[in-house]
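Below you will find the structure I want to go over with you.
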There are 2 protein chains.
Amino acid sequence: MNALPGEFPAPTAEHAHTGAWVASVLRSRIADGQLTPGSKLSEQSLSASLGVSRNTLREAFSSLVGEGIVTRIANRGVFVAAPTRDDVQEIYRVRRMIEPAAVMWGEVSSSDLDAMDAIIAEATAAREAGSVPRMASANQALHRAVIAMSGSESLEVLMTRVLAQMRLVFHTMSSAPDFHSHYVHRNVDLVERLRAGQRAEAAEGLRSYLDAAEAELLEHLGD
Amino acid sequence: MNALPGEFPAPTAEHAHTGAWVASVLRSRIADGQLTPGSKLSEQSLSASLGVSRNTLREAFSSLVGEGIVTRIANRGVFVAAPTRDDVQEIYRVRRMIEPAAVMWGEVSSSDLDAMDAIIAEATAAREAGSVPRMASANQALHRAVIAMSGSESLEVLMTRVLAQMRLVFHTMSSAPDFHSHYVHRNVDLVERLRAGQRAEAAEGLRSYLDAAEAELLEHLGD
DNA sequence: AGACGGAGGATTGTTCAACAATCCGACTCG
DNA sequence: CGAGTCGGATTGTTGAACAATCCTCCGTCT
């Protein structure tokens, strides 16, 4: 949308609701790391810089708190969420439930599988190009596609929320080491098994991947 | 308008955040049917009757919209959500994923199973007493307990959200026929299989129960 | 020197009053 | 009987104001 740094769509145009627009601006600023975990969102400076009133900004804050990407501390303000160890474990608890469930009981259409193949192609290309961000993005796209097989809008929303928190986790790590390259083949396996109709095996493989990824991630940010 | 004899904790006492308190008041009024699906939540009358400002009420509205139990129509106001046929199907899509997942891959502690037995005892007692509300409540408690086996806070929150929408569905039906009595035995089967460690069978049985319940519910509110 | 404590200022939480934009209902007119 | 229109009511948003709370800094005391 607004890849340009410093300029957002319009300061005072007509948007669905101003509050929702403010929330979306903050959401993308957090997603791409302009606002780093733990940093404070001052009501005064933000309302001034976005050109909205404090009340409207506050309404946007409510949404973001509900999405879990921002934390409110009473009488102290709101801060970009800085996921703890427990938060990471909770993220993987959720993923270990809903992703294998979608694999086991979702609708596996061949067009979905083709889309997944395309994502994997992008992932391998990204690996050979040595681009960590592209690999991370492709990985998120693949797991989002897995959830999409469930056919449930709500679960997609939940997954979006979870993946947003995952991005926060990566942003908390000073260095972003190569976390994804050695998992590409597991995604290949996953899609192969799905295409072969081996749902149970696919689900088990997915669960063991999530276990391994969680363990490595926890070790990496081991306090 | 304001002649309602409602007694809530305190109009102007110390609560975490006033907005959160307002949201909780509205939440319970909707849950127990004081506010019926489709009815409008006027900013003016509600802010007056609750003794909060319109801005604070608005903040509460934001939360409730995020929880899906209230719908906002631009320039028209917010209304108690009136779940459609599609919404019901979405509810069951979610449940058909996360409940069997918790059964398949959750932690089955014997204390959890004992708690489930107690819930089933309450359900059978309610059936013999002919109390539909008690049966409905026990049923919700049991399925909430199933999700609790996942160990995931987020999934419990999602389940709470889903069950709140289920209550809205029941409130939309003029007559609340006996929907639960003939499903009690399936809950008994579920717990028995769980206790026997037959997870796959338990999950399949749960899925077929959810299919049947959805079908019956859809037929009952067939427009 | 270091710990304690207390102004003072800054920030949040909440309210109020105001205004533009929009919607709804009733009324008029053809 | 239908269509256009006008006025009132409601929502969306703003700005200012105030109490309550927190943070910072500075002076004091041991």
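It should be emphasised that the depicted structure is a prediction, and the values quoted were computed from it without experimental measurement. Proteins get letters first, then strands, A, B, ... in listed order; numbering begins at 1 in each.
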Legend entry - Carboxylate-amine/guanidinium proximity below 4.0 Å for A:Arg27 and A:Glu67: yes

Legend entry - Rounded distance in Å - CZ (B:Arg72) to P (D:dT11):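 Atom-to-atom, B:Arg72 to D:dT11, this comes out as 10 Å.
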
Legend entry - Salt-bridge contact B:Arg95-B:Glu214 (side-chain N to carboxylate O under 4.0 Å):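 No, no charged N to carboxylate O under 4.0 Å.
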
Legend entry - For the student: nearest non-hydrogen atoms of A:Leu57 and A:Ser47, plus distance: CD2-N, 3.7 Å

So which protein N/O to nucleotides 14-18 of chain D N/O distances come out below 3.5 Å?
residue : atom : partner : partner atom : Å
D:dT14  : OP2  : A:Ser53 : N            : 3.2
D:dT14  : OP2  : A:Ser53 : OG           : 3.2
D:dT14  : OP2  : A:Thr56 : OG1          : 2.3
D:dG15  : O6   : A:Asn55 : ND2          : 2.7

Inset, instruction - Would you indicate whether the side-chain heavy atoms of B:Ile147 and B:Leu158 approach each other to under 4.5 Å? - result: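 Contact flag for B:Leu158/B:Ile147 side chains = no.
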
Legend entry - Gap between atoms CD and C1', on B:Glu59 and C:dT15 respectively (whole Å): 13 Å

Inset, instruction - Please examine the side chains of B:Tyr183 and B:Asn139, heavy atoms only from C-beta on, and report whether any two atoms are closer than 4.5 Å. - result: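 B:Asn139 vs B:Tyr183: side chains apart.
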
Legend entry - Value in whole Å for how far the C1' atom of D:dG12 lies from CZ of B:Phe61: 13 Å

Legend entry - Separation of D:dG12 C1' from B:Arg76 CZ (nearest whole Å): 15 Å

Legend entry - Separation of atom CG in B:Asn75 from atom C1' in C:dC23, rounded to whole Å: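 So the CG-C1' distance, B:Asn75 to C:dC23, works out to 7 Å.
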
Legend entry - Between P of C:dT11 and CZ of A:Arg58, the distance in whole Å: 14 Å

Legend entry - Nearest-angstrom distance from the residue atom CZ of A:Phe79 to C1' of C:dT12: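 Taking CZ of A:Phe79 and C1' of C:dT12, I get 11 Å after rounding.
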
Legend entry - B:Arg85 to B:Leu218 - nearest heavy-atom pair and separation: NH1-O, 3.3 Å

Legend entry - Min side-chain heavy-atom separation B:Leu50-B:Thr56 under 4.5 Å: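 A side-chain contact is absent here, since even the closest heavy-atom pair is not under 4.5 Å.
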
I'd like a list of close polar pairs between nucleotides 4-9 of chain D and the protein, N/O only, cut-off under 3.5 Å.
none

Inset, instruction - Could you check whether the rings of B:Phe170 and B:His180 sit parallel, tilted or perpendicular, using 30° and 60° as the cut-offs? - result: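 B:Phe170 vs B:His180 ring planes: tilted.
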
Legend entry - Min side-chain heavy-atom separation B:Asp87-B:Leu168 under 4.5 Å: no

Inset, instruction - Could you tell me the separation between the CG atom of B:Leu41 and the P atom of D:dG12, rounded to a whole number of Å? - result: 12 Å

Legend entry - Phosphate-side-chain proximity, B:Lys40 and C:dC23, N/O vs OP1/OP2 below 4.0 Å: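 No, outside the criterion.
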
